[in-house]
Amino acid sequence: MNDPFAIEDDSRPSAPWLNGLNPEQQDAVTATEGPVLVLSGAGTGKTRVLTARLAEILNGGRVRPWQCLVVTFTNKAAREMKERVGRLVGPGAEGLWLGTFHSIGVRILRRHAEAVGLSSNFTILDADDQLRLLKQVMEAEHLDLKKTPPQGVMAQIQRWKDRGIAPDKPEVGGLDGKLYQAYQARLLALNACDFGDLLLHTLTLFLNDAALLEQYQEQFRYILVDEYQDTNVSQYLWLRLLAQKHRNLCCVGDDDQSIYSWRGAEVGNILRFEKDFPGARVIRLERNYRSTPHILACASHLIAHNAGRLGKTLRSGLPPAGTAEKVGVRGVWDGESEARAIVEEVEALQRAGEKLASVAILVRAGFQTREFEDRLISQGVPYRILGGPRFYERAEIRDAMAYFRLVVSPADGLAFERIVNLPKRGLGEAALATLNALAGRTGLPLFEAAKRLVTSDDLKPKPRAALAQFAADIDRWRATLDGMDHADLAATILDESGYIEMWKADKSPEAPGRVENLKELISALGDFESLPVFLEHVALVMDNDEKAEGDRLTVMTLHGAKGLEFDTVFLPGWEEGVFPHSRALSEDGGKGLEEERRLAYVGITRARKRARIFYAANRRIYNKWQDCLPSRFIAELPEAHIDHVSATGYAQPRWSAPRAVTWTAPAQPVAESDFRPGERVFHTKFGPGTVKAVEGDRLDIHFDHAGPKKVLASFVEKP
DNA sequence: ATCTTTCTAGTTTTT
DNA sequence: CTAGAAAGAT
């Protein structure tokens with residue numbers, strides 16, 4: 001991202017991190033004192049500014065690295081930042097507090113766990129464990145899990161936690177509130193935290209202990225926050241507390257790229273920054289160094305339809321290039337022809353010498369990847385699909401991890417329950433009920449209770465022997481924790497427990513893959529110093545470093561694409577109901593629609609050179625054919641910057657390089673005015689019918705066999 | 001205790 | 001339609 005228009009600041013020759021920055025960027029880097037909000041549009045060099053700012057602060061020699069706190073949202077962002085800061089500042093960055101909100105939260109919480117009723121070796125539960133725990137709580141309350149779905153209750157609990165509301169607050173009420181309290185009590189009893197707790201507990205800690213808060217406030221003289229538009233209330237409160245003393249808080253974000261409100265993110269945090277931090281400076285980064293002017297114009301025009309923005313206008317910071325293509329908008333017949341058309345274009349790009357790694361297909365929802373995968377396979381185009389179940393979320397990995405967890409911490413009841421009968425040991429409901437009763441009566445962890453239970457005659461001989469064997473195995477493995485190499489131990493556990501054998505014997509098609517994953521898990525373990533260190537890492541960093549090997553096309557969701565960029569981006573499925581998604585449309589007050597529009601904005605701005613939008617006239621959803629209307633977002637694009645070719649033929653195909661692509665209109669182009677109510681027509685899918693009403697290019701047709709439907713005029717022919 | 005049938009829901013998912 | 005979960009059958 002070199003800026004040809006950058007003004008070199010000669011007065012600071014000793015600040016190489018300012019080299020090549022434009023004036024706004026320099027401003028954002030050097031305004032180190034006081035609250036600063038950096039509104040950073042897509043492709044405006046945000047990460048660079050953040051790193052340079054850090055270099056500015058650290059190299060000024062005013063502070064030690066451990067007095068700086070840098071918070072990111074993803075582990076990936078934290079990793080990248082660490083790397084870049086290391087390169088820019090070198091050993092001067094040693095000791096910096098840099099990490100995700102959650103990892104920083106854990107770090108603080110482990111030091112002061114007792115103050116919130118935990119001990120410092122607490123376990124961190126993932127979504128799966130959380131839900132199982134809540135189910136147990138609800139079953140204990142004799143609730144009908146069908147009438148009150150645990151997922152719904154969990155969502156409410158999560159919402160409270162996201163908003164920084166502890167279970168004892170007055171806002172917490174109703175059945176959900178009661179369950180929240182019970183769930184939280186269970187977590188404490190298990191010495192466990194869920195993700196929300198990592199922030200909520202830290203918040204409680206600070207609020208209950210003014211001296212401790214003061215200590216951290218004093219320590220963090222400079223605070224930097226990335227992706228500020230994605231913070232939830234709890235994170236916001238956390239930041240506000242910590243920044244109160246020195247007020248050197250710099251938040252970087254883009255309200256137009258806030259796409260996680262359904263996960264608790266509050267755009268409001270960014271919108272009200274100036275009110276919360278009086279005297280805050282707001283710096284706008286609007287020079288985009290990524291996309292062509294056509295792409296920028298489309299993105300800006302589209303996002304301008306949202307109300308309640310802070311307002312930014314992206315301008316190109318790139319030297320003008322006369323050859324830029326307009327943003328392509330293509331109407332196709334159905335999902336299959338959409339996949340065919342896109343893959344054809346991909347192949348043409350490939351022939352023209354483009355790298356597949358610089359091309360992406362960005363879909364709204366996961367199910368859309370399927371038709372592309374089919375087509376890419378049949379055409380032999382190398383691809384990777386991102387966003388499936390993540391490595392550490394796979395059942396076999398979680399099972400194996402449960403074994404490790406139980407060996408490391410015998411009190412981990414959730415791990416115990418998960419694997420006690422896996423592989424099958426003949427320990428069913430009856431045996432577990434007996435065990436649970438004992439654990440409940442004595443207050444012992446399940447594993448301890450199991451050891452006691454097998455000394456009695458409360459179980460039948462068979463399950464009793466099985467349970468005794470299981471407990472003995474776990475204890476035996478634990479005994480070797482210190483002496484044995486941890487990767488070897490892990491392999492031994494999976495072998496001797498019969499777990500890996502279970503999958504090897506499994507005849508289902510996915511079983512071999514699971515065995516492979518388990519082997520990968522063992523080898524990944526080698527990179528860590530011990531089993532406990534590995535478990536902590538996995539709990540916080542759920543992703544497995546994607547090895548982006550070979551030249552492959554990427555297929556992923558729009559959400560997954562945030563922060564990435566590609567030369568060419570294909571955006572399929574721009575139809576009402578798909579994108580914007582119907583469920584987002586039914587949300588209150590247009591909020592959902594605006595977020596969908598931001599998602600569209602994110603999608604378009606991923607493209608450097610080429611963006612292609614597709615919409616289909618028909619789509620099969622749950623095996624039912626539905627006719628679709630083009631997304632309203634298409635109408636919101638500026639005509640001068642798009643090149644719209646649809647079956648209606650009202651736009652000229654201006655297919656710029658690569659040339660090899662031919663556009664085939666699925667039906668005979670017919671001018672829309674040609675149809676009159678009462679006229680007989682023929683539709684390739686629905687057969688013959690009679691026009692009932694004409695609405696622009698949409699026709700209400702009563703089909704002889706298929707009944708009444710709304711279809712586009714372009715897909716209808718005169719008989 | 002485990003296998004089999006029946007039912008239901010079905011966006012996005014940084015930690 | 002179809003995957004996953006829960007209830008019923010053996």
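So that the names make sense, note that chain A is the first sequence line, chain B the second, and so on, each numbered from 1.
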How long is the line joining [atom1] of [X] and [atom2] of [N], in whole Å?
X: A:F101; N: B:dT14; atom1: CZ; atom2: P; answer: 17 Å
X: A:D230; N: B:dT12; atom1: CG; atom2: P; answer: 18 Å
X: A:R107; N: B:dT15; atom1: CZ; atom2: P; answer: 19 Å
X: A:L599; N: B:dT11; atom1: CG; atom2: P; answer: 15 Å
X: A:Q368; N: B:dT11; atom1: CD; atom2: P; answer: 11 Å
X: A:L558; N: B:dT13; atom1: CG; atom2: C1'; answer: 14 Å
X: A:L432; N: B:dA1; atom1: CG; atom2: C1'; answer: 11 Å
X: A:W262; N: B:dT13; atom1: CH2; atom2: P; answer: 6 Å

Regarding [X], tell me which of base, sugar-phosphate or nothing describes its non-hydrogen contacts under 4.0 Å with the strands shown.
X: A:G366; value: sugar-phosphate
X: A:Y260; value: base
X: A:A430; value: sugar-phosphate
X: A:K624; value: nothing
X: A:E595; value: nothing
X: A:R364; value: base
X: A:N421; value: sugar-phosphate

Within 45° cone and under 6.0 Å: A:R110 NZ/CZ vs A:F122 ring
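A:R110 over A:F122 ring: yes.
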
Does the cation-pi check pass for A:R107 over A:W97, that is, NZ or CZ under 6.0 Å from the six-membered ring centre and within 45° of its axis?
yes

Is the shortest side-chain heavy-atom distance between A:D256 and A:R309 below 4.5 Å?
yes

Would you say a side-chain N or O of A:N75 is under 4.0 Å from OP1 or OP2 of B:dT15?
yes

Any A:R425 side-chain N or O less than 4.0 Å from OP1/OP2 of B:dA1
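The answer is no; no side-chain N or O of A:R425 sits under 4.0 Å from OP1 or OP2.
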
Nearest-angstrom distance, C1' atom, C:dC1 to B:dT12
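Result for the C1' pair: 22 Å, nearest Å.
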
Less than 3.5 Å between a donor and an acceptor, one on the side chain of A:R583 and one on the base of B:dT12, is that the case here?
no

Taking for A:G426 and for A:T557 the nucleotide of DNA chain B with the nearest heavy atom, the one nearer the 5' end belongs to A:G426

For DNA chain B, whose closest nucleotide is more 5', that of A:H581 or that of A:L427?
A:L427

Determine whether the side chains of A:E595 and A:S261 contain a donor N or O and an acceptor N or O closer than 3.5 Å.
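Side chains of A:E595 and A:S261: pair found under 3.5 Å.
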
Consider only side-chain N and O atoms of A:Y236 and A:E266, and report whether a donor and an acceptor are under 3.5 Å apart.
no

Can you check salt bridge (Lys or Arg N to Asp or Glu O under 4.0 Å) on A:D129 and A:R405, steps first, answer last?
CA-CA 13 Å; A:D129 283 335; A:R405 274 162 61 189; 3.0 Å; yes

Measure from the side-chain heavy atoms of A:F195 and tell me the nearest of B:dT14, B:dT15, B:dT13.
B:dT15

